[in-house]
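Input: a single structure, listed below in structure tokens.
By convention in this document, chain letters (A, B, ...) are assigned in the order of the sequence lines, proteins followed by strands, and residues within each chain are numbered from 1.
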There are 2 protein chains.
Amino acid sequence: MFAIGKASELSGVNIETIRYYEREGIVAKPDRSAAGRRLYTRDGIAKLRFVKRCRDLGFPIAIIQVFQTLTGEQSRSCTEVKSLAEDHLIEIDTKIKNLVILRRALQSLSRNCDEGAANCPMLDALMSDGPSEDMG
Amino acid sequence: MFAIGKASELSGVNIETIRYYEREGIVAKPDRSAAGRRLYTRDGIAKLRFVKRCRDLGFPIAIIQVFQTLTGEQSRSCTEVKSLAEDHLIEIDTKIKNLVILRRALQSLSRNCDEGAANCPMLDALMSDGPSEDMG
DNA sequence: CTTGCTCCTGTAGTGGCTACAGGAAGTAAA
DNA sequence: TTTACTTCCTGTAGCCACTACAGGAGCAAG
């Protein structure tokens with residue numbers, strides 16, 4: 001059995017975050033010592049690590065909870081996992097695409113900025129009266 | 001003079017968000033009608049639009065406030081704007097890079113998932129005991 | 001005069017943490 | 001044993017940039 005500090009070290013999850021996950025029901029409540037301290041099993045730590053890896057992949061907590069209910073199940077679960085992963089891939093692609101567009105917009109705005117310009121062309125463009133609905 | 005609904009329509013900023021910007025001091029307080037309703041000038045609406053465009057480019061509020069103080073100034077401002085924009089470009093590039101890495105990781109994890117697999121290879125991999133610090 | 005729209009203030013919720021304050025318990029050296 | 005240091009506890013508030021809602025008031029058209 002491991003105290004929360006060790007569990008944090010072994011799982012890579014911040015201590016405060018572990019307590020947050022417990023509060024929110026994202027991981028099970030661990031046993032407690034006589035003095036009320038949390039005691040984690042290897043299995044509990046594995047679950048924390050699982051949550052961390054999913055978070056690192058960008059999955060929201062709600063999806064991770066679905067993953068956790070699916071781990072108990074049989075063959076159907078793999079199909080569902082794949083489908084959730086593919087949805088997430090699409091979201092990632094969308095984010096990348098939007099960032100690339102944004103990158104281009106920002107670059108073209110700042111390209112004309114040069115030391116000593118009377119007015120900043122970038123601020124001028126952002127201040128001007130044109131359309132405003134089409135960037136985000 | 002325009003009521004808040006019209007100002008929202010013309011600037012593209014949500015009504016609640018306009019009030020939020022005012023509360024937080026991101027835009028100036030507008031005049032009020034006799035009955036206490038906000039009345040926006042064209043200039044006030046232009047400022048809302050400016051904030052929106054900056055937000056759409058991903059600039060945080062704090063930077064937008066810097067932009068606003070810089071618009072009054074002379075030639076030095078353009079250099080500073082360019083520098084802030086370039087910092088932001090670097091941040092965008094970092095985000096894109098991380099998303100691409102993440103995309104690859106997720107794709108390789110889900111590739112082995114197939115209908116009817118006994119255990120889901122993706123969940124198995126995420127559950128396993130390997131290292132956990134190196135993904136995010 | 002009623003209906004329906006817009007507007008007002010104030011507060012709380014979102015996601016996913018993170019950072020305290022103020023205390024108790026454990027550990028190790030002097 | 002005392003002291004000092006570290007870890008742990010609960011509870012609450014803060015972060016960012018909004019968004020939503022309750023409960024009410026004003027205003028314009030039919």
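A straight line from CD of E9(A) to C1' of dT7(D) spans 13 Å, rounded to a whole angstrom. dG15(C) atom P lies 13 Å from atom CD1 of I64(A), rounded to whole Å. One interatomic measurement links the two molecules: CD1 of I18(B) to C1' of dC7(C), which rounds to 12 Å at whole-angstrom precision. Computed from coordinates, the I63(B) CD1 to dC16(D) P distance equals 12 Å when rounded to whole Å. K52(B) places its NZ atom 14 Å from the P atom of dA17(D), with the value rounded to the nearest Å. Distance CE (M1(B)) to P (dC7(C)): 15 Å, rounded to an integer number of Å. Protein atom CD1 of I15(A) is 18 Å distant from nucleotide atom P of dG11(D), rounded to whole Å.
Contacts between residues 27-47 of chain A and DNA chain C, defined by a heavy-atom separation under 4.0 Å, are made by A35(A), R37(A).
Residue pairs satisfying the ring pair (Phe, Tyr, Trp, His ring centres under 6.0 Å) criterion with at least one member in residues 7-39 of chain B, sequence neighbours excluded, are absent. Legend: ring pair (Phe, Tyr, Trp, His ring centres under 6.0 Å) pairs involving residues 88-110 of chain A, not counting sequence neighbours, sorted by first then second residue: F59(A)-H88(A).
With sequence neighbours excluded, the residues forming a side-chain contact (heavy atoms from CB on, under 4.5 Å) with E86(B) are K82(B), listed by chain and number. Taking the salt bridge (Lys or Arg N to Asp or Glu O under 4.0 Å) definition, one finds that D124(B) meets it with nothing, sequence neighbours left out. With sequence neighbours left out, K6(B) forms a salt bridge (Lys or Arg N to Asp or Glu O under 4.0 Å) with E9(B). Scored by the salt bridge (Lys or Arg N to Asp or Glu O under 4.0 Å) test, R104(B) finds no partners at all (sequence neighbours excluded). Here N14(B) pairs with E16(B), T17(B) under the side-chain contact (heavy atoms from CB on, under 4.5 Å) rule; sequence neighbours left out.
By the 4.0 Å N-to-carboxylate-O rule, R42(B) lies too far from D129(A) to be salt-bridged with it.
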Could you go over nucleotides 16-21 of chain C and give all protein N or O partners under 3.5 Å, atom names and distances?
residue: dC17(C); atom: OP2; partner: Y21(A); partner atom: OH; Å: 2.8
residue: dC17(C); atom: OP2; partner: R55(A); partner atom: NE; Å: 2.8
residue: dT18(C); atom: OP2; partner: T17(A); partner atom: OG1; Å: 3.1
residue: dA19(C); atom: N7; partner: E16(A); partner atom: OE2; Å: 3.4
residue: dC20(C); atom: N4; partner: E16(A); partner atom: OE2; Å: 3.4

